[in-house]
Amino acid sequence: MQRDIVIIGGAIMGASVAYFLREEGFAGSIAVIERDQSFAKAATTLSCASIRQQFSIPENIRLSRFTLSFFRELKERFGAGADIAFREKGYLILASEDGRAILEANHAVQMQEGVDIALLSAGELEARFRWLSAEGIAAGAYGRSGEGWFDAHALLGLIRKSLKARDIDLVQGEVRAVERQADSIKAVVLADGTRIEAALVVNAAGPNAGGVGAMAGIDLPVEPRKRSVFVFEAADRFDDMPLLVDPSGVYVRPEGGVYITGGAEDHESDGAADPADFEPDWSLFEERIWPVLATRIPAFEALRPGRAWAGHYDYNTLDQNAVIGPHPEIANFMFANGFSGHGLQQAPAVGKALAELIVHGEYRTIDCAAFGYGRIREGRSFRELNVI
Ligand SMILES: Cc1cc2nc3c(=O)[nH]c(=O)nc-3n(C[C@H](O)[C@H](O)[C@H](O)COP(=O)(O)OP(=O)(O)OC[C@H]3O[C@@H](n4cnc5c(N)ncnc54)[C@H](O)[C@@H]3O)c2cc1C
């Protein structure tokens with residue numbers, strides 16, 4: 001078998017790259033290879049499906065802004081019935097006195113990018129959000145528009161369905177080997193022995209991206225990191241509640257008639273997850289999350305815990321930021337990896353950027369050069385400070 005482009009991983013990143021290749025006019029053959037088309041363990045479907053503009057570096061803001069415009073064009077792109085239940089309720093990122101300078105610096109970057117974020121004092125926060133306690137809080141940044149949450153399954157479904165109509169092969173199979181000769185990738189080999197020759201390969205393997213890189217002899221510092229999400233009920237409903245991020249890292253937001261929360265893991269000290277471990281860590285909820293929720297939102301002292309799930313972040317251990325674009329020497333191996341907790345919202349933008357690079361030989365809409373693999377090899381970090 002031979003294909004012009006082989007994409008390894010068919011969840012949101014792989015599907016977005018394939019979609020935009022056709023949008024940019026690529027007429028060659030494309031295969032998207034996915035080992036589990038139920039996506040039951042993909043980061044995409046286990047995520048919190050939220051989108052924000054509040055990043056610390058302009059490139060990440062631009063990626064999310066592109067996705068926001070993509071959300072606003074869904075019906076034109078996918079038809080009148082297209083709906084991902086986008087709830088534009090904002091993010092509210094809180095800072096203690098220690099974190100105030102960083103919050104303000106990030107806000108200045110966001111303002112330069114034209115984002116609609118308000119910087120509020122502790123008093124303004126309590127006046128604006130009646131359910132909030134600003135104890136220990138110096139300031140908060142609130143996204144008045146362009147931020148919120150949506151249905152990740154619906155987004156993935158829309159894009160993948162459109163691939164079938166665009167003559168893209170959706171292949172069920174697990175890539176077990178990537179054949180490389182000197183500085184060129186020749187083929188991928190699936191678990192059932194099928195060999196697919198490829199002129200170009202895109203790594204869209206999410207938390208397994210480091211493993212796929214290793215198959216090609218490429219060192220990519222992306223590993224799975226387990227992240228638990230807990231569902232709870234509370235007697236009170238707060239219709240104006242954004243996705244709130246406490247200075248401790250704990251986040252909470254409404255989800256229909258319940259709430260979801262997480263963010264208690266220690267990014268610095270938790271290591272790579274066992275790829276088969278999807279067991280939520282309830283001790284995080286009991287010991288770290290609930291006390292924070294009860295302090296920040298006094299009505300949550302009496303919450304009722306419900307179910308929980310765990311997924312894996314596609315965690316870039318160097319700088320918690322994406323790796324996008326070609327390998328500097330192995331030019332027919334492309335990365336779309338390492339999004340460290342913000343890849344769902346960036347996927348349409350990354351798909352667009354990579355497709356432009358492949359089809360036109362340059363980034364046209366969003367310059368992703370700063371995300372290139374060169375920095376990985378040099379050990380030079382391009383750090384995003386707002387990792388949630
Ligand atoms: C708990 C949690 C909350 C999150 N919340 C958010 C959020 O609110 N907003 C946000 O933007 N992001 C969030 N993220 C991050 C986001 O989900 C990911 O960055 C994004 O989904 C990555 O997409 P992906 O397609 O690269 O990876 P995945 O969705 O993991 O897909 C990779 C696919 O590759 C397949 N694959 C892997 N190896 C092979 C192989 N060898 N052969 C064939 N197929 C293979 C897998 O089966 C999988 O389907 C969250 C993640 C988690 C875990």
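What's counted below: heavy atoms across the whole structure, side chains too, no hydrogens, waters or symmetry copies. Atoms within a ligand are numbered from 1 in the order they appear, just like the ligands themselves.
The N/O atoms of A11, backbone and side chain alike, include none that comes under 3.5 Å of an N/O atom in ligand 1. Residue-to-ligand polar distances keep D36 apart from ligand 1: every N/O pair is separated by 3.5 Å or more. Remark: ligand 1 and C48 share an N or O pair separated by less than 3.5 Å (distance only, no angle test). Ligand 1 has an N or O atom lying under 3.5 Å from an N or O atom of N208, backbone or side chain. Residue-to-ligand polar distances place G341 within reach of ligand 1: an N/O pair is separated by less than 3.5 Å. Between L344 and ligand 1, at least one N/O pair is under 3.5 Å apart. Between S50 and ligand 1, an N or O atom pair is found at a separation short of 3.5 Å. The N/O atoms of A43, backbone and side chain alike, include one that comes under 3.5 Å of an N/O atom in ligand 1. Ligand 1 has an N or O atom lying under 3.5 Å from an N or O atom of E34, backbone or side chain. Checking only distances, Q345 does come within under 3.5 Å of ligand 1, N or O to N or O.
Note on ligand 1: G173 sits in its first shell, one or more heavy atoms being nearer than 4.0 Å.
Checked for salt-bridge contact, R62 and E113 meet the test: a charged N lies under 4.0 Å from a carboxylate O.
More than 12 heavy atoms of other residues, nucleotides or ligands shown are found within 6.0 angstrom of CZ on R304.
A donor-acceptor pair shorter than 3.5 Å cannot be found between the side chains of E223 and T317. For T67 and Q345, the side-chain atoms include no donor-acceptor pair closer than 3.5 Å.
Closest to atom 27 (O) of ligand 1 among all protein heavy atoms lies G206 CA, 3.3 Å. At the shortest separation from atom 42 (N) of ligand 1 among protein heavy atoms lies V175 N, 2.9 Å. In terms of protein heavy atoms, atom 50 (C) of ligand 1 is closest to S47 CB, 3.4 Å.
Separation of the F371 and Y373 ring centroids does not fall under the 6.0 Å cut-off. Residues F39 and H153 place their aromatic rings such that the two centres sit no closer than 6.0 Å. Ring centroids of F71 and F150 are separated by less than 6.0 Å, placing the two rings close together.
Heavy-atom proximity to D314, at under 4.0 Å, picks out these atoms of ligand 1: 18 (C), 19 (O), 22 (C). Shown in contact with A49 at under 4.0 Å from a heavy atom are these atoms of ligand 1, numbered in order with element: 7 (C), 8 (O).
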Given R195 and E179, is the salt bridge (Lys or Arg N to Asp or Glu O under 4.0 Å) satisfied, shown in steps? CA-CA 10 Å; R195 183 173 180 274; E179 289 180 12; 2.8 Å; yes

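Because its NZ or CZ atom is not both nearer than 6.0 Å to the ring centre of Y251 and within 45° of the ring axis, R253 does not count as a cation-pi partner of that residue. Geometrically, R225 does not engage Y313 in a cation-pi contact, judged by NZ or CZ lying under 6.0 Å from the ring centre and within 45° of the ring axis.
Remark: the backbone N or O of A355 is not paired with any side-chain donor or acceptor of H360 at under 3.5 angstrom.
By the criterion of a heavy-atom distance under 4.0 Å, neither the backbone nor the side chain of A152 is placed next to ligand 1. With a 4.0 Å heavy-atom cut-off, ligand 1 is reached by no atom of W149.
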